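Structure first, then comments.
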Amino acid sequence: MIKILKYSEVSNSEIFKRSEPDFDVEDIVADIIYNVRKNGDKAVFEYTEKFDKAKLADLAVKKEEIDEAIKLVEPKFIEILKKAAANITKFHSKQLRNSFIINDENGIVIGQKIIPVDRAGLYVPGGTASYPSTVLMDAIPAKIAGCKEVVMVTPPDKDGKINPAILAAAYVAGVDRIFKVGGAQAIAALAYGTQSIPKVDKIVGPGNAFVAEAKKQVFGKVSIDMIAGPSEILVVADGKSNPRYVAADLLSQAEHDKLASAVLVTDSMELALAVQSEIENQLTSLKRAEIARASIDNNGKIIVAENLSAAIEIANEIAPEHLELCVDNPFDYLDSIRHAGSIFMGRSCPEALGDYFAGPNHTLPTSGTAKFSSPLSVDDFIKKTQYTYYTKEALSRVAYDIAFFAEKEGLTGHARSAVIRLEDEE
């Protein structure tokens, strides 16, 4: 049963404690990465057989497999994918940055170019659940940014097949190439390249502890979006909230993973008790009840605060991946929320809206990293290059200032490079 904690009566360590894996994967992942770097496809095939029980003849997904997947999924699902893709496109198109140029001084031009990364790599989880929504959320911003190629990796089932819903989403999102590989070996393949899988410039997408560790270890060889931890939801709700709705929203994240975290912060003990009871009523009817039960019992909590202002401060300290604000006038509180991956406003805005359909991204900072990082966006798939142009006359006006500055740092070669052009003309 989810525990109820009165904020004024328990320690901060209990209030702000987060779930963490109870096993160390660093050495295992390092060995996998080394093997893939050294042996390429051979290592990937071996790990796919070992971990996914699939003996593959080819890593690449063929066009025929995508065509078959489109036929296998319901036409209604394709229609919904396209609606969701349109909403995601509409939102993320607003994130496009423009290059700029400044030439308002005689003989000087400076500017910045916005350039998409050439090749983006998307990791789409498999395992206990598959997420076509993640395909849309990761691929569409990359396409909007203008990446030349979007490469997706996702683990196959024991028959060597990819979930048709995943392939259908990849088709709708415009993914260019798809490979049947998951886990740390997939991240290694994207980071270093193999005989079949191309090296990418950026790797994005959530995964388990092995995937997160692999992304951490290859960072620097490639760019990554973030190190994602277990999924989180925090609901701030006042006493007028419907306990059935709040319980359903908490369980919507608890069913993700046994390490997932579902937290309610409220100013009402009456609501806390009602939600605690309602979670028990709803939990057993979930398809993934065993996972949700472990999440709720081990990581779930209801925190009773003195008032809504205190509840929001608790939420800011936790800095959750998803934050629901279940109050009558949510925009009155929006400016008070400083740290959250994505905010869901009002009583009619379940977090599932963000997972699938509304348009804002669902690949979000977890484990408190919302204090300093952001949701996946078009920005993740672009880089910026600066440029500078000075005429001889423009340089002559500042060369001795540059030299003076350089000599303060003891860099006489820098100083000489600024003034030598002037000396040649004297």
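Every value quoted in this text rests on a predicted model; they were computed, and no experiment measured them. All residue numbers refer to positions in the sequence shown, counting from 1.
Using a cutoff of 4.0 Å between basic side-chain nitrogens and carboxylate oxygens, Asp238 and Arg347 are scored as salt-bridged. Taking 4.0 Å as the cut-off between side-chain N and carboxylate O, Arg97 and Asp379 count as a salt-bridged pair. Electrostatic pairing of Lys180 and Glu65 counts as a salt bridge here, judged by a charged N lying under 4.0 Å from a carboxylate O. We find that Glu49 and Lys53 are not joined by a salt bridge, their nearest charged nitrogen and carboxylate oxygen being 4.0 Å or further apart. Taking 4.0 Å as the cut-off between side-chain N and carboxylate O, Lys71 and Asp67 do not count as a salt-bridged pair. Looking at Asp225 and Lys215, a side-chain N of the basic residue comes within less than 4.0 Å of a carboxylate O on the acidic one, giving a salt bridge. For the pair Lys17 and Glu14, the salt-bridge criterion is met [side-chain N within less than 4.0 Å of a carboxylate O]. A salt bridge links Glu79 with Lys83: the closest approach of a Lys/Arg side-chain nitrogen to an acidic carboxylate oxygen falls below 4.0 angstrom.
Taking the six-membered ring where tryptophan is involved, the planes of Phe344 and His322 are tilted, since the angle between them lies from 30° to 60°.
Atom-to-atom distance recorded for Ile140:CD1 and Leu376:CG is 11.5 Å, nearest 0.5 angstrom. Remark: Lys371 NZ to Asn316 CG distance equals 8.5 Å, nearest 0.5 Å.
Taking Arg338 as the reference, Glu313 meet the salt bridge (Lys or Arg N to Asp or Glu O under 4.0 Å) condition, with sequence neighbours excluded.
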